[in-house]
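Only heavy atoms go into these numbers, but all of them, side chains included; no hydrogens, no water, no symmetry mates. Here is how names work: the chains are called A, B, and so on, in the same order as the sequence lines, proteins then strands, and each is numbered from 1.
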Protein chains: 2
Amino acid sequence: MRSYKQFCALAKALDVIGDRWTLLIVRELLIRASCRYTDLRTGLPGIPTNLLVDRLRELEHAGLIVREEAPPPIATALFRLTGRGRDLEPALQALGHWGAPLLGKATGKDAFRTHWLKLPLEHHLCDKMPGRPPITIELRAGDEPMTLETVEGRVQARPGAARAPDAVLIGSPQLVLAVLTAKLSLNDAKAAGLRYEGDPAILLRVQVVSASQATNRRRPATQTVRSTR
Amino acid sequence: MRSYKQFCALAKALDVIGDRWTLLIVRELLIRASCRYTDLRTGLPGIPTNLLVDRLRELEHAGLIVREEAPPPIATALFRLTGRGRDLEPALQALGHWGAPLLGKATGKDAFRTHWLKLPLEHHLCDKMPGRPPITIELRAGDEPMTLETVEGRVQARPGAARAPDAVLIGSPQLVLAVLTAKLSLNDAKAAGLRYEGDPAILLRVQVVSASQATNRRRPATQTVRSTR
DNA sequence: CGGCATCCACAGTGATACTG
DNA sequence: CAGTATCACTGTGGATGCCG
């Protein structure tokens with residue numbers, strides 16, 4: 001990408017990550033921590049292979065990722081974020097938060113990968129009863145199942161099915177997301193085609209509060225405005 | 001911009017603001033609140049005129065800005081952000097925060113506009129002695145002076161010189177920024193060419209604490225800004 | 001002068017085919 | 001599997017022209 005040649009932190013950031021596809025590659029690596037080339041391709045439907053290679057080289061050169069040559073069990077190179085790359089997470093979350101309303105008018109023709117839910121869900125959901133025994137919720141909304149688990153008051157998401165889930169949500173990504181973020185009540189979602197197995201109280205325990213504000217984030221000493229009211 | 005066609009909030013956000021120059025236009029409107037076409041051009045050195053027009057139309061179509069036709073005193077159209085547009089500020093701040101370290105290796109050939117300092121400074125600085133009488137600091141680092149004023153524990157920046165500043169910083173953008181964000185001590189900065197007029201204690205009152213973390217943010221959800229006094 | 005529209009050379013992108 | 005190579009196309013940047 002051409003540089004904007006402006007002495008401005010935002011412009012400098014865009015000089016590095018403003019290229020098409022770049023932030024989506026970072027998204028994949030934030031979700032997976034360690035990706036093979038093929039993982040990236042399947043997580044980035046639509047990217048031309050030459051662009052993926054170009055971007056990986058640029059990201060490596062910019063110090064946001066490293067390519068590691070095959071630890072013995074695997075016969076391929078792995079890509080992972082450096083600390084500097086992981087530092088982009090707050091910016092990605094902010095952009096994702098801003099973009100969330102745009103998911104409403106999704107055409108249904110959009111590609112979807114279940115693991116894309118990981119960042120927004122871990123960011124917005126939290127365990128409201130951290131004292132109780134942990135729970136497990138399985139989501140089936142796309143190419144593969146995803147499991148939510150409560151851990152120390154937070155909610156962690158990982159790809160794969162759960163062994164003995166306390167609840168299971170089955171439906172379109174739109175519906176599953178709308179229910180978890182409380183934009184839709186469970187009953188409304190059921191009416192719209194969602195299938196729910198398990199005690200409805202399970203859902204309430206992690207469901208986001210006001211559909212817009214929540215705090216699941218670790219976040220150092222000084223915290224921003226807390227929405228008490 | 002072509003859509004990524006992914007059911008992902010980040011991808012949807014990039015569909016809207018991922019185009020080249022778009023976020024920099026939003027930056028200008030966050031700084032100025034109301035811009036003429038010419039203000040945008042001078043605030044965006046390097047942008048081709050046709051691209052500016054294209055982007056303004058796209059932004060208007062996407063509902064991030066509105067163009068208002070000339071309130072009588074002025075004989076031109078004005079552009080301003082909608083609420084949806086202003087909602088991008090956290091994302092811009094996050095990206096700017098991430099990009100800040102890149103300003104270190106600036107070539108000196110970069111363009112600079114003093115008003116670009118407004119967002120980062122208001123975000124990072126705060127008044128550590130909000131009980132004391134307010135103070136005023138004038139910065140001279142680029143095309144025009146900029147004035148910092150303490151208001152209710154926060155620091156506000158506005159373009160223009162101060163009438164009776166308690167301190168004046170004169171030097172390159174790099175130096176002025178490094179001193180205010182405490183990446184450089186006042187003495188080191190002076191040695192590097194900064195000129196400082198006034199009591200050094202004035203600077204300490206607003207200078208950022210740890211060079212990385214600070215909280216100056218407004219945002220109790222009630223209202224945005226009533227900038228014009 | 002402010003606010004564009006037009007033209008053109010070229011770099012970046014996207015789709016597909018090919019290879020070690 | 002992990003890329004390279006090719007090529008049509010589109011978006012960008014730079015210049016310049018127009019008009020009230």
**Student:** Rounded to the nearest angstrom, tell me the gap between atom CD1 in B/Ile47 and atom P in D/dA15.
**Tutor:**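 B/Ile47 atom CD1 is separated from D/dA15 atom P by 15 Å.
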**Student:** Using atom CG of A/Leu52 as one end and atom C1' of D/dT4 as the other, report the distance to the nearest whole Å.
**Tutor:**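 My rounded result for the distance is 13 Å.
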**Student:** From the list D/dC1, D/dT4, C/dC4, which nucleotide is the closest neighbour of the side chain of A/Thr38?
**Tutor:** D/dC1
**Student:** Side chain of A/Pro48: nearest nucleotide among C/dG14, D/dT4, D/dG13?
**Tutor:** C/dG14
**Student:** Both B/Arg41 and A/Leu51 contact DNA chain C. Taking the nearest nucleotide for each, which residue is further toward the 5' end?
**Tutor:**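 By nearest-heavy-atom nucleotide position, the 5'-most residue is B/Arg41.
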**Student:** Which whole-number value in Å describes the distance from A/Arg2 CZ to D/dG11 P?
**Tutor:** 17 Å
**Student:** State whether B/Phe7 and A/Arg113 meet the cation-pi test: NZ (Lys) or CZ (Arg) under 6.0 Å from the six-membered ring centroid, and within 45° of the perpendicular axis.
**Tutor:** no
**Student:** Between B/His124 and B/His97, do the side chains contain a donor N or O and an acceptor N or O under 3.5 Å apart?
**Tutor:** yes
**Student:** Is it the case that the side chains of A/Glu89 and B/Trp98 hold a donor-acceptor pair, with the cut-off being a distance below 3.5 Å and no angle test?
**Tutor:** no
**Student:** Tell me the interatomic distance from B/Leu44, atom CG, to C/dC4, atom P, rounded to whole angstroms.
**Tutor:**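 It is 15 Å, rounded to the nearest whole Å.
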**Student:** At less than 3.5 Å, do the side-chain atoms of A/Thr49 and the base atoms of D/dA2 form a donor-acceptor pair?
**Tutor:**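 No.
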**Student:** B/Arg55 has a side chain; which of D/dG3, D/dG11, D/dG14 sits nearest to it?
**Tutor:**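 Nearest to the side chain of B/Arg55 among the choices is D/dG11.
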**Student:** Is any NZ, NE, NH1 or NH2 atom of the basic residue among B/Arg57 and B/Glu60 found under 4.0 Å from an Asp or Glu carboxylate oxygen of the other?
**Tutor:**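 No.
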**Student:** Closest approach to the side chain of B/Arg20, judged atom by atom: which nucleotide of D/dG3, D/dT4, D/dG13 is it?
**Tutor:** D/dG13
**Student:** According to a strict under-4.0 Å criterion, is A/Arg57 in side-chain N/O contact with OP1 or OP2 of D/dA2?
**Tutor:**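 So the side chain of A/Arg57 is outside the cut-off, no N or O lying under 4.0 Å from OP1 or OP2 of D/dA2.
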**Student:** Compare side-chain N and O positions of A/Arg36 against OP1 and OP2 of D/dG3 and report whether any pair is under 4.0 Å apart.
**Tutor:** no
**Student:** Output yes when A/Asp15 and A/Lys5 qualify as a salt bridge under the 4.0 Å nitrogen-oxygen rule, no when they do not.
**Tutor:** no
**Student:** Let me know the distance between CH2 of B/Trp21 and C1' of D/dT12, rounded to the nearest Å.
**Tutor:**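 For the pair B/Trp21 CH2 and D/dT12 C1', the rounded distance is 10 Å.
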**Student:** Please give, in whole Å, the distance from D/dT12 C1' to B/Ile25 CD1?
**Tutor:** 13 Å
**Student:** Would you mind telling me which residue lines up with the more 5' stretch of DNA chain D, B/Asp19 or A/Leu56, judged by nearest nucleotide?
**Tutor:**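 Result: A/Leu56.
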**Student:** Would you kindly give the CZ-to-P distance between A/Phe79 and D/dC1, to the nearest whole Å?
**Tutor:** 15 Å
**Student:** Whole-Å distance between C/dA5 P and B/Asp54 CG?
**Tutor:**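 Result: 9 Å.
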**Student:** With hydrogens left out and only the distance checked, is there a donor-acceptor pair under 3.5 Å joining A/Asn50's side chain and the base of D/dT6?
**Tutor:**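 Indeed there is one.
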